[in-house]
Amino acid sequence: LPVLAVVALVSTAARMEAEELNRRKPVRAANDAKTAVTQGMVFANDTGAYPPSIRVLREKGYANIADSDPWGNLWMLAPVLTEGRKPQPGDDVYVYSKGPCGTGTYQSGKMGTGKCGAIGYSSIHGEFRGWE
């Protein structure tokens, strides 16, 4: 009987740890997206063009962010970033995760992106996040 109790405790602890990690993923996604946007703008100010990828930000020492979001999907970047454009007043620089279901999209100006929606940051609209 004591062995079964230990196994049950270990199993419960592992399940609770996994649940905690899943709860932290949206926060991590929101924080990483905001860092990518703000550091992308700093990069553009320093170099005269936006970084075309998260990898460039990382390799040039601007941000220590993985190429993939907390769910393992590639980050989605605004066209001004992916095209390496020169900064212009009013640019909407955004980075987002497709969220826990991998289906979320950027909806300009919409802060709540719905169940399983995108999680990210826009230089114009700020943070946006879906609900799980």
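- In this structure D46 satisfies the side-chain hydrogen bond (donor to acceptor under 3.5 Å, both in side chains) test together with Y62, sequence neighbours excluded.
- The two residues A29 and I119 make their nearest non-hydrogen contact at CB-CG2, 3.9 Å.
- Cluster note: Y96 groups with M76, Y94, Y106, F128 through ILVMFWY side-chain heavy atoms spaced under 4.5 Å, whether in direct contact or through intervening members.
- A 4.5 Å side-chain heavy-atom check between P51 and L81 finds at least one atom pair inside the cut-off.
- Between the CG atom of N64 and the CD1 atom of I54 there is a distance of 11.5 Å, given to the nearest 0.5 Å.
- With rounding to the nearest 0.5 Å, the separation of CG in N45 from CE in M41 is 9.0 Å.
- Applying the disulfide (SG to SG under 2.5 Å) definition to pairs two or more places apart or across chains, those involving residues 36-101 are C101-C116.
- Residues meeting the side-chain contact (heavy atoms from CB on, under 4.5 Å) test with A63, sequence neighbours left out: T35, Q39, L57, I65.
- Contact annotation: the side chain of K25 never approaches that of P100 to less than 4.5 Å [non-hydrogen atoms, C-beta and beyond].
- Side-chain contact check for P87 versus F43: every heavy-atom pair is 4.5 Å or farther apart.
- In R28, the CZ atom is not crowded: 12 or fewer heavy atoms of neighbouring residues, nucleotides or ligands sit closer than 6.0 Å.
- Sequence neighbours left out, not one pair with a member in residues 92-108 passes salt bridge (charged side-chain N to carboxylate O under 4.0 Å, His left out).
- Applying the salt bridge (charged side-chain N to carboxylate O under 4.0 Å, His left out) test to residues at least two apart or on different chains, the pairs with a partner in residues 118-128 are E127-R129.
- Checked against side-chain hydrogen bond (donor to acceptor under 3.5 Å, both in side chains), Q88 has no partners two or more places apart in sequence or in another chain.
- Here the shortest heavy-atom pairing between G90 and I124 reads O-CD1, 3.4 Å.
- The salt bridge (charged side-chain N to carboxylate O under 4.0 Å, His left out) check on D69 picks up nothing, with sequence neighbours excluded.
- For N73, there are no side-chain hydrogen bond (donor to acceptor under 3.5 Å, both in side chains) partners at least two apart in sequence or on another chain.
- Scanning for salt bridge (charged side-chain N to carboxylate O under 4.0 Å, His left out) contacts around D67 gives R58, with sequence neighbours left out.
- Shown here for G48 and K86, the closest heavy-atom pair between the two residues is O-CG, 3.4 Å.
- In this view, A33 and W75, V95, Y121 satisfy the side-chain contact (heavy atoms from CB on, under 4.5 Å) rule, not counting sequence neighbours.
- Remark: P52 pairs with V56 by the side-chain contact (heavy atoms from CB on, under 4.5 Å) rule, at least two apart or across chains.
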